[in-house]
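Reviewing the structure listed below.
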Amino acid sequence: PEERKLSGLWRNELDSLMEISAVRDNGDFQGKYLTRVTLAGSCAHASPLRGAQQQPSEGGWPTFAFTVRWDKFSNATTAFTGQCFMDTGGKETLTTMWLLREAVGSLEEDWKATRVGRNVFTRK
Ligand SMILES: CC(=O)N1C(=O)N[C@@H]2[C@H](CCCCC(=O)O)SC[C@@H]21
């Protein structure tokens, strides 16, 4: 099947940008996530991301997962997982769900440390 790879520039519904660099033969990739959303009013930074995608030999749309380390923001990390789809017009979308883990000061606060959400990305 033609290369169904995630490399390139993507934008989500919050207008955040994700740049995925070359996808290796084993599906590994890395890139940068430029969020437009800052929880504590800090300015936007590019955060490193690493992940891996499937490359199904029988065709079909690959699933993937990646993590973003929000290193210039705070001690937080997000794990995204999802699948790439193409609509009849040839437009690719990445539908994802994510878990955002923020650092909390004590085990007693652990209950409130993880958020879940959805993001849809289309090529920029
Ligand atoms: C304070 C802090 O850690 N962060 C902050 O203020 N913004 C980033 C992330 C924003 C993700 C929004 C979703 C998107 O852009 O698609 S949540 C953790 C990090």
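In listed order, ligands and their atoms are each counted from 1.
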Distance to 0.1 Å, residue and atom name: give those for the protein heavy atom nearest to [atom].
atom: atom 17 (S) of ligand 1; result: L100 CD2, 3.7 Å
atom: atom 7 (N) of ligand 1; result: V37 O, 3.0 Å
atom: atom 2 (C) of ligand 1; result: F73 CB, 3.4 Å
atom: atom 6 (O) of ligand 1; result: L39 N, 2.6 Å

[X] heavy atoms, cut-off 4.0 Å: which ligand 1 atoms fall inside?
X: Y33; result: 14 (C), 15 (O), 16 (O)
X: T35; result: 10 (C), 11 (C), 12 (C), 14 (C), 15 (O)
X: L14; result: 13 (C), 14 (C), 16 (O)
X: N119; result: 16 (O)
X: N12; result: 14 (C), 16 (O)
X: S74; result: 1 (C), 2 (C), 3 (O)

For H45, the option from W70, F73, Y33 that meets ring pair (Phe, Tyr, Trp, His ring centres under 6.0 Å): F73
Provide the closest heavy-atom pair for S47 versus R69 in the form atom of the first, atom of the second, distance. CB-O, 3.4 Å
Inspect the contact between D15 and K124 and indicate whether a charged nitrogen and a carboxylate oxygen are less than 4.0 angstrom apart. no
Inspect the contact between E102 and R115 and indicate whether a charged nitrogen and a carboxylate oxygen are less than 4.0 angstrom apart. yes
Are L100 and F64 linked, directly or through other ILVMFWY residues, by side chains that come within less than 4.5 angstrom of each other? yes
Linked, directly or transitively: V120 and L94 (ILVMFWY side chains, under 4.5 Å): no
Relative to each other, are the rings of W98 and F80 parallel, tilted or perpendicular (30° and 60° limits)? tilted
Ignoring hydrogens, just give me the one of W98, F121, W70 whose non-hydrogen atom is nearest atom 19 (C) of ligand 1. W70
Please assess F85 against E92 for the test side chain to side chain contact (heavy atoms under 4.5 Å, CB included), listing each intermediate value before the final yes or no. CA-CA 6 Å; F85 292 100; E92 289 166 289; over 6 Å; no
